[in-house]
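Below is one structure, written out as structure tokens; the observations come after it.
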Amino acid sequence: MLLTAHVPNMANHPHNADWSPDAWKACTATQQPCYPDASELQSALAELASLPPLVTSWEIEALTSQIAEAQVGKRFLLQGGDCAETFDDCRSTTIASKLKILLQMSLVLTHGGGMPVIRVGRFAGQYAKPRTDDNETRDGVTLPTYRGDLVNKPAFTADARAAQPWRMVQAHARSAITLNFIRSLVDGGFADLHHPEYWDLDFVQHSPLRDEYRRMTREIGQSLRFMETLAGAPVHEMRRVDFFTSHEGLLLPFEQAQTRQVPHKQGWWDLSTHLPWIGYRTAVPGEAHVEFFRGIRNPIGVKVGPGTTPDRLLALLSMLNPDEQAGKIVLIHRFGAHAIAKSLPQLVDAVQAAKRRVLWTCDPMHGNTDLVRIASGPHAGTQVKTRKFDHILAEVEQAFEIHRMKGSVLGGVHFELTGEEVTECTGGARGLSDEGLMAAYRSRVDPRLNYEQALEMALRIARRLGG
Ligand code: PEP
Ligand code: CO
């Protein structure tokens with residue numbers, strides 16, 4: 001089969017002529033905080049709206065074209081990062097480690113899959129979290145729930161939990177600082193394929209996966225040298241890579257304030273990030289998030305889970321991409337290893353029958369969260385959220401298989417991970433057990449793969465892509 005990527009012509013998109021960035025206000029908006037002081041909220045939003053954007057429409061168009069290629073099997077998308085960034089995570093070592101693990105994973109996936117990888121970080125703006133309950137009660141005291149650093153603070157006091165509008169401006173600044181550092185590293189040669197040793201984290205040398213990874217980088221080095229010998233010149237394209245940002249577009253006033261028109265182009269662009277996504281809880285046709293997202297020119301991620309019926313999915317696709325633009329929609333399915341075989345096939349069938357153009361990717365994290373009680377040791381009795389490496393891997397493997405059987409393609413993966421040596425998910429090459437979880441459990445929200453588990457996951461997926 002000949003696959004041609006349709007590079008989107010986005011010059012004219014009249015479908016949102018009836019739309020404005022605040023149209024969502026007429027719809028039910030869930031997962032929004034209540035700001036006690038309306039005039040303070042307006043001042044903060046006015047400030048946010050006047051600041052320069054974090055990304056540009058050109059970058060967004062480049063990403064759209066790359067997603068269009070991934071939709072026809074010519075690229076693979078890797079999306080990864082923290083469940084929630086915090087303002088305190090805006091540190092050079094934390095950012096560089098996250099970049100390193102994403103570069104290493106993308107190297108492994110490119111090598112295994114034999115095709116370019118689109119690198120998308122859950123970073124430089126992943127500051128808002130959906131919550132099951134609006135309030136939290138402890139010892140008879142009820143306070144608003146913590147919704148991420150974009151909204152409030154985690155400490156259980158009335159002050160900390162009050163929604164503070166200026167945190168949105170702070171988040172914009174933290175995102176800009178993060179992105180500036182990432183852009184400088186990437187442009188300055190840090191991502192140079194000739195020097196994968198720059199990305200080695202200290203503990204790579206102690207890892208059981210060291211030999212496999214080193215063998216791969218040696219092979220890549222050899223083929224680069226071979227190409228350079230053939231070309232008679234250094235391969236410059238290998239010295240820098242594209243990196244894109246993404247976050248859940250949850251807090252609508254924040255997204256609205258950064259949604260702009262740009263000279264010589266039609267429509268509205270959410271310039272807070274390249275690839276905003278709609279969370280599982282808010283991907284509801286007719287509600288505010290879908291109404292906001294339908295008007296922006298960015299590519300859009302949509303979380304899809306056990307509650308997403310075929311009818312709902314098709315309704316979402318009609319609203320979000322009425323004119324079937326290539327590169328526009330990334331579906332991120334997250335069912336859990338136990339549920340994917342039951343839920344995914346009917347959605348693939350529906351999308352195929354309706355001839356909708358999407359990029360299917362798998363988030364094997366959010367359907368595989370367990371609550372465990374530590375049985376022994378100094379933390380006996382403590383309850384923690386965790387995920388098993390084997391469940392995560394099993395969901396990805398089933399996803400590849402289901403898409404293959406349906407004649408569809410799994411074109412990407414989505415992970416919660418960190419470049420650090422945390423102990424939040426169990427299993428993996430070192431066989432981390434429940435008892436070991438408290439040694440370095442740092443996440444305030446969902447458990448992340450640590451550096452070694454993330455690399456192992458990439459090696460396993462690369463084998464699958466190659467074979
Ligand atoms: C997330 O990606 O952190 C998240 C909350 O996912 P979901 O919307 O799929 O539950
Ligand atoms: Co999460």
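Bear in mind the structure is a predicted one, so any value in this text is a computation, not a measurement. In what follows, residues are counted from 1 in the order of the sequence shown. Order of listing sets the numbers, starting from 1, for every ligand and every atom in it.
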With Tyr451 as reference, evaluate Glu421, Gln104, Lys100 under the side chain to side chain donor-acceptor pair (under 3.5 Å) test and give the passing residue. Gln104
Glu401 and Lys406 ion-paired at < 4.0 Å: no
Students should be able to answer this: which protein heavy-atom is nearest to atom 1 (C) of ligand 1, and at what distance? His366 NE2, 3.0 Å
Yes or no on side chain to side chain contact (heavy atoms under 4.5 Å, CB included) for Ile340 and His333, after CA distance, side-chain angles and deciding distance? CA-CA 9 Å; Ile340 183 169; His333 53 69; 4.1 Å; yes
Contact between Met365 and ligand 1, counting heavy atoms under 4.0 Å? no
Arg122 N/O to ligand 1 N/O under 3.5 Å: yes
Which atoms of ligand 1 are found less than 4.0 Å from any heavy atom of Glu416? 1 (C), 2 (O), 3 (O)
Among protein heavy atoms, which lies nearest atom 8 (O) of ligand 1, and at what distance? Tyr280 N, 2.8 Å
Could you check which of His247, Lys303, Arg334, His333 puts a non-hydrogen atom nearest to atom 10 (O) of ligand 1? Arg334
Identify which one of Arg444, Arg174, Gln170, Lys129 satisfies the side chain to side chain donor-acceptor pair (under 3.5 Å) criterion when paired with Asp149. Arg444
Can you figure out which of Lys129, Glu248, Gln126, Gln79 has its heavy atom closest to atom 3 (O) of ligand 1? Lys129
Heavy-atom nearest neighbour of atom 5 (C) of ligand 1 within options Cys83, Pro130, Gly301, Gly279: Pro130
Donor-acceptor contact present, side-chain Arg387 to main-chain Met365, <3.5 Å: yes
Opening angle between OD2 in Asp446 and OE2 in Glu416, taken at the Co ion (ligand 2), to 10 degrees: 140°
Taking distance alone, with no angle check, do His414 and ligand 1 share an N/O pair under 3.5 Å? no
Donor-acceptor contact below 3.5 Å, side chain Ser246 vs main chain Gly121: yes
Checking Arg334 against Tyr280: charged group under 6.0 Å from the ring centre and within 45 degrees of the axis? yes
